[in-house]
Amino acid sequence: MKAVIVGAGIGGLTCALALRQRGHDVTVLEQAPQLGEIGAGITITPNADRVFADLGLSDRMVAQSVIPERQLTQHWQSGDIIRDVERGAATAQHYGAGYYHIHRADLHSILVDALSAAAPDSLKLATPVQDARPDGTVLTEAGTAVKADIVIGADGVKSQVRSRLFATEEPKFTGQVAWRGLVPRCSVETDMQPHFPGVHIGPKKLFMRYPVRAETLVNYAAFVELYGWQEESWTIPSSRAELLEHFAVWAPEVTALIHATPDDQLFKWALFVRAPLDTWINGRVTLLGDAAHAMLPFMGQGAATAIEDAMVLARALDAYPLDEALERYDTARRPRTSAIQENARLLGLQFQGEDPNAFNSGGIKNEEQLGLFDYDAVHVDI
């Protein structure tokens, strides 16, 4: 089978590898001229790690990752621990798969290297897509028509494939703005360096952080209820002063990270919520990852569900005729991702409740309580 994947993000590259593993011909079209440092950290949870293990990539990923021993939820001002979860060996033993943090660029490099080894020249950079058609034709902006048995739209939250072929409601602003920063750990005063990953929670705000690259860098994301600015992009520069306006009286370990953020490593974006699609199928075209089910980041499952999509889709295409494979993929994946979209939204609200000490009694289930880590895309029935 000849597959064209639009988008060389984590989901698209994982899908390309899973399809190549099963002997299919894959071409990945990516609009960016190079894959660089855009983004910062990413959490790989057990449900995603099972896929990478099946692809033979876990060892390489763990070698470039940080495996946390614990994960904390703390009071926004006092820093008092509200929730303490064991990670590391305890998580690996319980789920039979890993939980770790990795720099997004390092993950990209591992996936690109693996794809280059499996299918040289299959990744086409600087190739933006203008249109996709139900008959399996992709038209690039350069005017080239590429014909495939299946087209997979893995081109992110602002998917060109989705906008061309799928009825989609307009995204709705959540009333929240997010910041992300990447800080050299050595630039933070020793007694203010975070010893464990976690999140400080407070009224209408939260601040999460975790280490990457052998704990030499700390990746953080801050969320604030804020109206009046609604631009959705990961690459809009911000300033420490702007972010400190919202976190000036928070715990000193929070403000220390903000103060230590390099000028070129702080960005902001507005958070939008998207309604689940009624279908991910249009002829020979389907979607995966953010293109299919963009979700708020409060469960850390955006990348994980894209990775799950990739494996389930590859398995379906390998086991069934095309039309049946797409129907089985859609049936297997849409209910799960739609539920995660909604639960991530609710958990974000609970994180930012008026009384942080009531967090554990908030009634909203987190990713483990929902059983999300138990999912096995490599073996689940499809």
Side-chain angles (χ1 to χ4, degrees), residues 1-7 9-12 14-19 21-22 24 26 45-48 50-51 54-55 132-136 148-157 159 161-169 273-296 299 301-346 365 367 370-382:
M1 181 176 291
K2 178 177 175 57
V4 168
I5 299 173
V6 182
I10 292 167
T14 302
C15 189
L17 285 167
L19 287 168
Q21 185 185 59
R22 289 157 176 80
H24 299 293
V26 178
T45 49
N47 46 317
R50 291 187 186 95
V51 174
D54 185 73
L55 295 174
R133 296 169 184 164
D135 67 356
D149 297 306
I150 182 172
V151 175
I152 301 164
D155 48 340
V157 69
S159 170
V161 176
R162 185 188 63 229
S163 67
R164 289 287 184 176
L165 293 178
F166 295 85
T168 308
E169 294 181 18
V273 66
R274 288 169 166 79
L277 298 175
D278 293 329
T279 180
W280 296 355
I281 306 167
N282 189 333
R284 293 177 174 269
V285 182
T286 192
L287 304 171
L288 69 74
D290 282 348
H293 50 73
M295 57 187 63
L296 298 176
M299 282 188 171
Q301 288 295 300
T305 49
I307 293 160
E308 293 173 357
D309 291 345
M311 178 56 70
V312 172
L313 177 56
R315 288 179 55 216
L317 291 169
D318 198 50
Y320 303 102
L322 178 62
D323 289 348
E324 183 179 357
L326 292 179
E327 288 290 348
R328 286 178 176 268
Y329 165 66
D330 186 87
T331 299
R333 296 300 301 155
R334 271 198 309 114
R336 174 174 169 84
T337 56
S338 296
I340 297 173
Q341 283 178 291
E342 175 60 11
N343 280 282
R345 183 187 69 83
L346 295 173
K365 293 182 178 181
E367 56 272 28
L370 289 168
L372 301 186
F373 292 178
D374 294 307
Y375 187 88
D376 185 353
V378 181
H379 298 104
V380 68
D381 290 337
I382 50 175

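Just so you know, these numbers come straight off a predicted model, no measurement behind them.
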Exercise. Which residues pass the side-chain hydrogen bond (donor to acceptor under 3.5 Å, both in side chains) test with D135, sequence neighbours left out?
Worked result: T137
So do the side chains of [X] and [Y] get within less than 4.5 Å of each other, counting heavy atoms only?
X: R274; Y: T168; result: no
X: R284; Y: V151; result: no
X: L317; Y: L322; result: yes
X: Q21; Y: D54; result: yes
X: V380; Y: R315; result: yes
X: I281; Y: E327; result: yes

I need the [X] [atom1] to [Y] [atom2] distance, nearest 0.5 Å.
X: R22; Y: L17; atom1: CZ; atom2: CG; value: 10.5 Å
X: L372; Y: Q301; atom1: CG; atom2: CD; value: 5.0 Å
X: L326; Y: L313; atom1: CG; atom2: CG; value: 7.0 Å
X: N282; Y: L277; atom1: CG; atom2: CG; value: 11.5 Å
X: I307; Y: T45; atom1: CD1; atom2: OG1; value: 7.5 Å
X: W280; Y: T331; atom1: CH2; atom2: OG1; value: 10.5 Å

Within the side chain of [X], is there an N or O that forms a donor-acceptor pair under 3.5 Å with the backbone of [Y]?
X: D155; Y: V161; answer: yes
X: D149; Y: K2; answer: yes
X: R164; Y: A132; answer: no
X: R328; Y: V312; answer: no

For a quick test of reading the model, state the closest non-hydrogen atom pair linking [X] to [Y] and the distance between them.
X: P134; Y: L165; value: CD-CD2, 3.7 Å
X: A303; Y: I10; value: CB-CD1, 4.5 Å
X: V285; Y: F166; value: O-CZ, 4.1 Å
X: A306; Y: G289; value: CB-CA, 3.6 Å
X: A332; Y: Y375; value: O-OH, 4.5 Å
X: T286; Y: Y329; value: OG1-CE2, 3.4 Å

For this session: Step by step, work out the side-chain contact (heavy atoms from CB on, under 4.5 Å) result for M299 and L370.
Result: CA-CA 11 Å; M299 282 188 171; L370 289 168; 3.4 Å; yes
For this session: For D318 and H24, run side-chain contact (heavy atoms from CB on, under 4.5 Å): C-alpha distance rounded to whole Å, both residues' side-chain angles, the deciding distance at 0.1 Å, then the answer.
Result: CA-CA 9 Å; D318 198 50; H24 299 293; 3.3 Å; yes
For this session: With sequence neighbours excluded, give me every salt bridge (charged side-chain N to carboxylate O under 4.0 Å, His left out) pair touching residues 333-343.
Result: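 Salt bridge (charged side-chain N to carboxylate O under 4.0 Å, His left out) check on residues 333-343 returns E308-R333, E308-R336, D309-R333, D330-R334, E342-R345.
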